[in-house]
Amino acid sequence: AQKITQTQPGMFVQEKEAVTLDCTYDTSDQSYGLFWYKQPSSGEMIFLIYQGSYDEQNATEGRYSLNFQKARKSANLVISASQLGDSAMYFCAMRDGYNTDKLIFGTGTRLQVFP
Amino acid sequence: DGGITQSPKYLFRKEGQNVTLSCEQNLNHDAMYWYRQDPGQGLRLIYYSQIVNDFQKGDIAEGYSVSREKKESFPLTVTSAQKNPTAFYLCASGSTHYEQYFGPGTRLTVT
């Protein structure tokens, strides 16, 4: 069965520094998608970045990049130049199969950015 | 503005009562989803619908029911059969193979 693992319950980073949030996944599908979402204390889930399993280049969206290592089944999120507003929960998720849009979520990493 | 609305933001109910959570979207998405989030946990899928008048159970459907009579609306009923209904409920919508967009959530407390 598909599974997402986030092993870092919490991370600290100083403002303006880069931080990497880890995500590993398990699937037997050849075609899948990987997502990162941000959840501020208000509760809404904000889409950050997407990586398809056949994409050869790592996805980037502004200060967010996804370090995709297919052979290792990892999809780490890199946030460059951290800002105080980046403090939030971050969830890695995987699309469950090709013909559905069901997402499987990890347990999340709480990122705290300090001045 | 396009988006997903969920109401109310906070909901309180007595044990044994059914309660319906609202979810509306004007993004013209075919698919809609309901997730449950417990403290310190990720999201778990309750029900999803990929087309009007059709829906499928997710991983934790017991004690919940849904309807999808209109493309824009996907209400979730938390029934008295749900043993631990207190949680944060998130509704989402999306187009096939792309990201899901989430509403602001409803925090349900049952005492």
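Here is how names work: the chains are called A, B, and so on, in the same order as the sequence lines, proteins then strands, and each is numbered from 1. The structure displayed is predicted, hence computed values, not measured ones.
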Novice: Less than 4.5 Å to any heavy atom of chain A: does that hold for the side chain of L43(B), its backbone, both, or neither?
Specialist: both

Novice: Ring centres of Y25(A) and Y32(A) under 6.0 Å apart?
Specialist: yes

Novice: Please classify the contact between Q6(A) and chain B as side chain, backbone, both or neither, with a heavy-atom cut-off of under 4.5 Å.
Specialist: neither

Novice: Got a salt bridge between R44(B) and D38(B), using NZ or NE/NH1/NH2 to carboxylate O under 4.0 Å?
Specialist: yes

Novice: Given that the side chain runs from C-beta out, which part of Q100(B) has a heavy atom under 4.5 Å from chain A: side chain, backbone, both or neither?
Specialist: both

Novice: State plainly whether the residues R68(B) and D54(B) are in salt-bridge range, i.e. N to O under 4.0 Å.
Specialist: no

Novice: Does a sphere of radius 6.0 Å around CZ in F114(A) hold more than 12 heavy atoms from other residues, nucleotides or ligands, not counting ones at 6.0 Å or beyond?
Specialist: yes

Novice: Which answer fits L103(A), side chain, backbone, both or neither, if we ask what part of it has an atom under 4.5 Å from a heavy atom of chain B?
Specialist: both

